Number of protein chains: 2
Amino acid sequence: MSRTIDPFTAVPKYFQLASILRQNIEDGEWAPRSPIPSERQLEVLYNISRTTIREAINSLVQQGYLYREHGRGTFVSPQKLQKGWMELTSFSEDLVKRGLVPGQIIRSLQLMQPPQRVLQRLELPAGSLVHRIERVRLADGTPIGLQTSYLSLAPGQEITMQEMEKAGSLDRILSEKFHIIPTEADETLEVTLATPEEAGLLQVATGAPLLLNERVLFSQERTPVEYVKILYRGDRYQYFVHLKRQAIAENPR
Amino acid sequence: MSRTIDPFTAVPKYFQLASILRQNIEDGEWAPRSPIPSERQLEVLYNISRTTIREAINSLVQQGYLYREHGRGTFVSPQKLQKGWMELTSFSEDLVKRGLVPGQIIRSLQLMQPPQRVLQRLELPAGSLVHRIERVRLADGTPIGLQTSYLSLAPGQEITMQEMEKAGSLDRILSEKFHIIPTEADETLEVTLATPEEAGLLQVATGAPLLLNERVLFSQERTPVEYVKILYRGDRYQYFVHLKRQAIAENPR
DNA sequence: TAATAGTACTGGTAGTGACCACATTACCAG
DNA sequence: CTGGTAATGTGGTCACTACCAGTACTATTA
């Protein structure tokens with residue numbers, strides 16, 4: 001790993017510096033709550049202007065690696081490494097974290113006219129076609145969730161069953177094949193009771209409590225890309241989020 | 001509302017500019033996806049340096065009001081107003097949004113030794129004392145949630161029943177009296193079934209499905225401040241989150 | 001001894017000036 | 001008509017400079 005700044009590469013200096021600082025934090029060379037070198041010191045250490053230093057630090061503060069204290073210094077956050085939310089809300093990663101083996105059964109993949117509700121969520125005109133993918137999610141071999149995804153793709157963009165089975169993850173197909181990287185999402189969670197069909201697929205009794213998760217994913221340009229509905233077995237699933245307040249930057253005085 | 005920058009106030013210029021731009025967006029003066037004036041134009045318009053302009057725009061981009069496109073311009077996000085998560089996860093705001101009248105009954109407020117689980121979550125040593133506040137949350141007068149908060153305060157910091165009833169919101173007391181502003185939180189959600197006591201308080205049948213929400217709030221310095229456990233009536237509550245991916249700042253090339 | 005003022009650090013705000021990278025358009029040569 | 005090219009406007013990066021505002025410590029003073 002580069003421990004110095006290379007002024008000739010196309011990689012911006014602030015980015016290089018941020019990488020170096022992040023390394024120091026992740027490697028544990030800088031203990032939590034201990035101060036990192038002051039901005040003036042870094043200026044000398046790496047022969048970089050303070051503007052650039054602050055840009056690097058800002059990004060790390062924003063990502064939760066560091067926090068500032070006016071008049072005192074900049075410190076390392078005592079934070080268990082938080083992965084991006086995509087990992088956390090991603091089904092597989094989620095299960096692996098709990099020591100379970102994830103799996104899935106793809107029940108269907110089709111191009112179709114979605115129900116009204118989905119059209120609304122995806123902000124599509126009536127009559128639009130979307131990809132619908134229905135999957136049963138498994139944990140250690142037993143069903144844990146019933147997932148239905150509706151994908152809003154540009155005309156001509158297709159997904160085949162083979163791709164789906166090969167890639168395993170829908171997110172991977174989206175990013176690798178279509179260069180779509182969701183950056184925001186709206187999620188709702190509520191409790192429902194299993195219908196006979198759902199009960200059968202999830203191997204629970206009809207009327208058993210389920211956790212219903214609906215999610216709309218937005219692309220970089222704030223366009224709705226995917227609508228996902230997941231029914232989790234209430235007795236075997238726990239939803240997790242890490243929330244971070246946007247620096248509200250309350251009126252300084 | 002100030003439409004110009006006042007160079008004499010203590011409020012930073014970048015903050016003033018950001019407020020003006022946000023106003024324009026929220027008032028709908030700038031249509032979604034339409035470009036805002038370029039950075040060089042703003043420089044002239046407000047007689048402010050580009051450094052400051054960029055700082056203002058950066059904060060708005062970060063908050064999701066604007067997005068940039070290299071070589072093209074900066075544009076207004078086509079986004080329904082997203083409040084900070086505190087408003088969204090705040091009980092009262094939440095209900096008001098749905099057209100319901102929020103209310104609460106404070107069942108108890110005491111200083112006590114919390115259960116083991118809470119000590120762990122708050123990262124406190126055994127034997128520590130915390131404030132425990134138990135409330136029944138109401139929507140349009142009927143119970144909707146059962147909330148138990150455990151507060152980790154510095155020795156000597158106290159909350160009285162009067163304050164609690166006067167302020168209405170715990171968050172308000174935290175920020176106004178103790179200057180604690182939670183910036184991050186971990187939340188989990190799962191399904192449980194109502195115990196007889198819970199059923200009584202929530203006016204549902206014993207065994208009715210409930211949404212169990214646990215939350216740990218962290219202060220600016222990443223110290224656990226509050227542990228909250230809320231039991232929602234499954235038939236009357238829906239949880240909502242807006243997720244935003246941290247700008248991963250993938251290696252530029 | 002206890003309060004006060006100084007001082008030397010920290011991050012916070014702001015201006016200026018330069019050049020780079022990308023997108024769009026107009027124009028020109030083939 | 002097509003493909004290249006140059007001009008121009010946009011955001012992206014970076015350096016240097018200056019001063020403000022909070023913090024912690026020290027030396028001075030009452």
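Each chain gets a letter, A, B and so on, in the order its sequence line appears, and its residues count up from 1. Just so it is clear, the structure is predicted and the values come from calculations on it, not from any experiment. All values below come from the heavy atoms of this structure, side chains included, with hydrogens, waters and symmetry mates left out.
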Euclidean distance, atom [atom1] of residue [X] to atom [atom2] of [N] [Å, nearest integer]:
X: A:Glu39; N: C:dA14; atom1: CD; atom2: P; result: 16 Å
X: B:Phe8; N: D:dC19; atom1: CZ; atom2: P; result: 18 Å
X: A:Leu17; N: D:dC14; atom1: CG; atom2: P; result: 10 Å
X: B:Ile36; N: D:dG11; atom1: CD1; atom2: P; result: 7 Å

Item checked: Option from B:Gln147, B:His131, B:Arg135 for which side chain to side chain contact (heavy atoms under 4.5 Å, CB included) with B:Leu170 holds -> B:Arg135
Nucleotide nearest [X] (side chain, heavy atoms from C-beta), chosen from [options]:
X: A:Arg54; options: C:dG11, D:dC14, C:dG15; answer: C:dG11
X: A:His70; options: C:dC22, D:dT13, D:dA21; answer: D:dA21
X: A:Thr74; options: D:dG11, C:dG11, C:dA14; answer: C:dG11
X: A:Tyr14; options: C:dA14, D:dT13, D:dA15; answer: D:dT13
X: B:Arg50; options: C:dC19, D:dC14, C:dT24; answer: C:dC19
X: B:Arg68; options: D:dG11, C:dG11, D:dA15; answer: D:dG11

Item checked: Plane angle bin for B:Tyr150 and B:Tyr227 - parallel if under 30°, tilted between 30 and 60°, otherwise perpendicular -> tilted
Margin query: Looking at every non-hydrogen atom in both residues, tell me the closest pair between A:Leu151 and A:Val130 and how far apart they are.
Written below: O-CB, 3.3 Å
Notebook entry, point to check: Partners of B:Arg68 by side chain to side chain contact (heavy atoms under 4.5 Å, CB included), sequence neighbours excluded?
Noted result: B:Glu39, B:Arg54, B:Ile57, B:Asn58, B:Val61, B:Thr74
Between [X] and [N], is there a side-chain N or O to OP1/OP2 distance below 4.0 Å?
X: A:Gln41; N: C:dT10; value: yes
X: A:Arg72; N: D:dA24; value: yes
X: A:Thr52; N: D:dT13; value: no

